[in-house]
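Order of the sequence lines fixes the chain letters, A, B, ..., with proteins taken first and strands second; residue numbering starts at 1 for each chain.
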Amino acid sequence: MKSDIDQEEIAKRRGIYFPAFSIYGGSSGLFDYGPYGSIIKENVQNIWKEMMFAEGPVTLLDSPALTLQAVLKASGHYDRFFDYSVQCKACKTKFRADDIVESLGLKVVLDQDYLNKVIKENNIKCPKCGGDFDDVKIHKLMFQVDQGENVDPLFLRPETAQGIFVNFKEFYRFFREKLPFAVIQLGRGYRNEISPRRGLYRLREFNMMECEVFLDPLDEKWVNEPYNDFKIHYVTNTDEELFITPKEAYEKGIIKSQPLAYFTGFAFKFYKRIGLDENKIRFRQHKKEDLSHYSSDTWDAEALTDLGWIEITGIAHRGTYDVGRHIEYSGKDLYAQRIVEPHKEKRIEIEPNFKEIKKDFGDKAGEVIKAINNGSKSVFIDNAEISLEKYIIKRDVEVTVDRESFVPIVVEPSFGLDRIVYALLDHNFSKREENGYIYLKIPPEVAPFVAGIYPLFPKEDLERVANDVYHRLLKDGLRVIYDDSGSIGKRYARYDEVGVPFGITIDYDTLKDNTVTIRFRDTTEQIRVSIDELSSKLRELVWTGRKS
RNA sequence: GCGAGUGUAGUGUAGCGGUAGCACAGAAGCUUCCCAAGCUUCUAACCCGGGUUCGAAUCCCGGCACUCGCACCA
């Protein structure tokens, strides 16, 4: 599995990506994308965005990375704010302190002192070797940003999704109150990983492309049918391996949710288009015990790389969890509505009996009315509990109902951009059989430059024409790069290595007949075209070089 | 975060108490030269901070980073 091509060595040497702040020693889990890498990454992002918009009812959000504490309390992240670990002194095995306490049927409170006390008092031993435990240690999983003494801190978001959920009503209106629709967000997330490692695989600050699909639970269907024109490698939670189309996966009940099935296909198409090796992609269903607290079903897309199978995308069924929690915690109406057959419904209307309340409570009437409006059964006035029963007027009414509220469910395809870039490089660095030179065979539309412009050798007349060609292509909106240093073979090799798919060479024939050669990265073959048709030829080559 | 190992030009490495060499890459030039050719010249490094020593890249301590295991991984 381990290839003899060292991705990190090339990435560092050629400025694709490299450790950030390295002149000061760096900091683990932080990387810079250099000149080539940031363009490749941006191209991948743009293709994803373009494909998402092509779905139809999809819009974009850009929300802050700094997130209010209240939002993360509602989302449940705040409770997982700390990781409590405890280590066996003897065998050095580490456990989650809350798991240890829970496994013995003891009450779990997520508090360092509490867990420490429980483990010490109950004399809990290491389940592996029976040794004594060291003290409980905590690890913060979210980065906290203090605002000042009397204000709750902010947190760097651990995922971009919450920004979308809290704005559900905004989008619901934008889509004129019709489901389904989806909102995408591209941005950075932050997690204080205990040990960030393996280059781009586990970062403290990472790029995500997230999509939240909002659906009516009674009509859980995305606007497009699951694909039926290609087969995907699925691994179920019972380790069954299947090669079937997304449509089959849905119809056979392998994937119960239509949008979940659909987006496995979407992800697969996207991977193929940006140039991942389709034979090194699989979709693996989370085991029941590995599912997150909110999800009933999750499928991870995994790519086979030097690091083994790595997770590059998670497609999760989040149910009504997210919007439901924000309704609960914010007290705001984040419901969607569906049209139903108009029908009469009996209801009981409640109204405070203002006269009686004023009579009995005088200037405390306000408190009582407030309590009634909050739905309380009783209220404390001057330390006495008073039943509100007799101050409420109840009326039986009949209303016509033609719509009902519900909490939308969410399906979330969430793409880890850095890992996708990692896999993309891993799948595309190739070695030429004849000479062992490395080239990066990524699709033209992902490549950092469409073409390199090279005078055959450094003579003033050739350089002048090459420069004209270069500026002409730039004006035509093509991303090209000019290079006249070293031999022509060296220049070809230099840009092969970073994936530039075409080389335009200006030679002595160019001076005679205004033609240049286009040399192909993957085959090293050349064709001759006139300078006038160069732009349109390159565009055509980029287009036909598209995968899927 | 724990344990083990490793940090020398952009990259890969040599040197292991007397202040750095090689290869490739890079720059300038020569070469009528289409696949990293050759020649000349040049640029460029001891992870950071302390200590020991007359003298430290080399020995010791601390930090940082990387690799591998353990643990963690919404």
Side-chain angles (χ1 to χ4, degrees), chain A residues 6 8-15 18-30 34 72 75-81 83-89 91-97 99 128 134 137-139 141-142 157-159 161-162 189 191-199 201-204 206 208 210 286 290-295 298 300 310-311 314 316 318 321-322 412 414 416 432 434-439 454-459 461-462 485-497 503-509 511 516-517 519-521 523-526 528:
Chain A
D6 182 346
E8 286 205 18
E9 187 269 317
I10 301 170
K12 207 191 268 184
R13 180 163 49 77
R14 296 306 311 274
F18 37 81
F21 313 122
S22 64
I23 66 164
Y24 290 106
S27 174
S28 71
L30 300 176
L72 296 160
S75 69
H77 289 97
Y78 189 81
D79 294 333
R80 290 159 188 76
F81 183 16
D83 185 43
Y84 300 88
S85 67
V86 67
Q87 187 172 29
C88 170
K89 283 181 188 166
C91 71
K92 301 286 180 198
T93 309
K94 268 206 164 186
F95 300 89
R96 281 194 40 176
D99 283 351
K128 206 162 138 193
D134 212 333
K137 292 198 172 131
I138 54 173
H139 183 82
L141 294 171
M142 287 197 289
R157 61 186 175 197
E159 60 177 19
Q162 296 308 323
R191 287 180 203 178
N192 193 4
E193 296 289 353
I194 295 172
S195 93
R197 238 182 241 185
R198 295 168 199 252
Y201 180 66
R202 183 173 297 150
L203 300 173
R204 288 206 158 112
F206 51 97
M208 303 197 269
E210 293 200 296
H286 279 204
D290 292 339
L291 284 171
S292 335
H293 54 291
Y294 51 72
S295 182
T298 297
D300 280 346
I310 62 167
E311 180 195 332
R318 298 179 72 130
Y321 178 81
D322 298 286
E412 176 195 77
S414 172
R432 291 203 197 287
E434 1 28 299
N435 49 26
Y437 296 155
I438 289 167
Y439 66 108
Y454 320 122
L456 182 57
F457 45 92
K459 283 285 172 198
D461 43 358
L462 292 178
S485 87
S487 73
I488 186 67
K490 202 171 218 177
R491 282 173 272 159
Y492 289 150
R494 188 181 289 155
Y495 293 100
D496 284 350
E497 198 178 39
I504 311 299
T505 305
I506 284 75
D507 58 18
Y508 278 108
D509 287 342
L511 303 181
V516 296
T517 58
R519 178 261 192 194
F520 296 86
R521 175 194 68 202
T523 60
T524 75
E525 284 164 3
Q526 300 190 358
R528 226 178 157 89

Open item on the list: So, OP1 or OP2 of B/A36: does either fall under 4.0 Å of a side-chain N or O from A/Y437?
Closed with: yes
Task: Short side-chain N/O contact from A/K490 to OP1 or OP2 of B/G26, under 4.0 Å - done: yes
Task: Rounded interatomic separation in angstrom, taking CG from A/N435 and P from B/C34 - done: 17 Å
Task: SB check A/R519 A/E525 (cutoff 4.0 Å) - done: no
- [ ] Indicate, yes or no, whether a donor-acceptor pair under 3.5 Å links the base of B/G69 to the side chain of A/R197.
- [x] yes
Task: Atom pair NZ/OH of A/K459 and A/Y508 - distance to nearest 0.5 Å - done: 6.0 Å
Open item on the list: For B/C35, does the base pair up with any side-chain atom of A/R519 as donor and acceptor (N or O, under 3.5 Å, distance only)?
Closed with: yes
Task: Electrostatic pair A/K12:A/D6 at N-O distance under 4.0 angstrom - done: no
Task: Pair A/R494-A/S485, side-chain hydrogen bond (donor to acceptor under 3.5 Å, both in side chains): steps then yes or no - done: CA-CA 11 Å; A/R494 188 181 289 155; A/S485 87; 3.2 Å; yes
- [ ] Please state the C1' separation for the pair B/A74 and B/C66 - nearest whole angstrom.
- [x] 28 Å
Open item on the list: Tell me if the side-chain of A/Y24 makes a donor-acceptor pair with the base of B/C48, cut-off 3.5 Å, by modelled atom types.
Closed with: no
Task: Counterpart base for B/C70, defined by Watson-Crick or G-U wobble contacts under 3.5 Å - done: B/G1
- [ ] Name the residue closer to the 5' end of RNA chain B, choosing between A/G489 and A/G25 according to the nucleotide with the nearest heavy atom.
- [x] A/G489
- [ ] Describe the nucleic acid contact of A/D496 in one word from base, sugar-phosphate, nothing, applying a heavy-atom distance below 4.0 Å.
- [x] nothing
Open item on the list: Rounding to an integer number of angstrom, what distance separates B/U13 and B/A44 when you compare their C1' atoms?
Closed with: 16 Å
Task: Distance in angstrom units between A/I10 CD1 and B/A36 P, rounded - done: 17 Å
Task: Between B/A74 (P) and A/Y78 (OH): distance, integer Å - done: 20 Å
Open item on the list: Both distances below 3.5 Å, Watson-Crick or wobble geometry, any strand: find the nucleotide opposite B/C42.
Closed with: B/G26
Open item on the list: Name the residue from A/Y454, A/Y437, A/F520 that meets the ring pair (Phe, Tyr, Trp, His ring centres under 6.0 Å) definition with A/Y492.
Closed with: A/Y454
Open item on the list: Strictly by Watson-Crick or wobble contacts shorter than 3.5 Å, is anything paired with B/A65, and which nucleotide is it?
Closed with: B/U6
- [ ] Using the P atom as the reference point in each nucleotide, state the distance between B/C60 and B/U67 in Å, no decimals.
- [x] 24 Å
Task: Distance, rounded to the nearest Å, where A/R494 contributes CZ and B/A37 contributes P - done: 10 Å
TODO: Have a look at A/I488 and say if it touches a base, only the backbone sugar-phosphate, or nothing, with a 4.0 Å heavy-atom cut-off.
DONE: sugar-phosphate
Task: Polar pair under 3.5 Å, donor/acceptor by atom type, side chain A/Q526, base B/C34 - done: yes
- [ ] Rounded to the nearest angstrom, tell me the gap between atom CZ in A/R198 and atom P in B/C72.
- [x] 15 Å
Task: Nearest-Å distance once atom P is located in both B/A56 and B/A65 - done: 27 Å
Task: Between P of B/G10 and CD1 of A/I23, the distance in whole Å - done: 12 Å
Open item on the list: Distance check needed: B/G1 P versus A/R202 CZ, whole Å only.
Closed with: 15 Å
Task: Atom pair CG/CD of A/D300 and A/E311 - distance to nearest 0.5 Å - done: 4.0 Å
Open item on the list: Strictly below 4.0 Å, N to O, side chains only: are A/R13 and A/E497 in salt-bridge contact?
Closed with: yes
Task: Any A/H77 side-chain heavy atom under 4.5 Å of A/R157 side chain - done: no
Task: Nearest listed nucleotide, side chain of A/S487, among B/C73, B/A36, B/C34 - done: B/A36
- [ ] Between A/E525 and A/R204, just flag the one whose closest nucleotide in RNA chain B comes earlier from the 5' side.
- [x] A/E525
TODO: Can you tell me, in whole Å, how much space there is between the P of B/G5 and that of B/C59?
DONE: 14 Å
TODO: Tell me what A/S22 touches on the nucleic acid: a base, only sugar-phosphate, or nothing, going by heavy atoms under 4.0 Å.
DONE: nothing
Open item on the list: Any base atoms under 4.0 Å from A/S485, or only sugar-phosphate, or nothing? Heavy atoms, all strands.
Closed with: sugar-phosphate
Open item on the list: When the C1' atoms of B/A25 and B/G10 are compared, how many Å lie between them, rounded to an integer?
Closed with: 7 Å
Open item on the list: With a cut-off of less than 4.0 Å, is there a side-chain N or O of A/T524 near OP1 or OP2 of B/C35?
Closed with: no
Task: Identified pairing partner of B/G18, criterion: Watson-Crick or G-U wobble below 3.5 Å - done: B/C54
Open item on the list: For the C1' atoms, the ones on B/C70 and on B/C24, what distance do you get once it is rounded to whole angstrom?
Closed with: 38 Å
Open item on the list: Taking the C1' atom in each of B/A36 and B/A71, what is the distance between them to the nearest angstrom?
Closed with: 45 Å
Open item on the list: What is the distance, to the nearest angstrom, from the CD atom on A/E210 to the P atom on B/A74?
Closed with: 14 Å
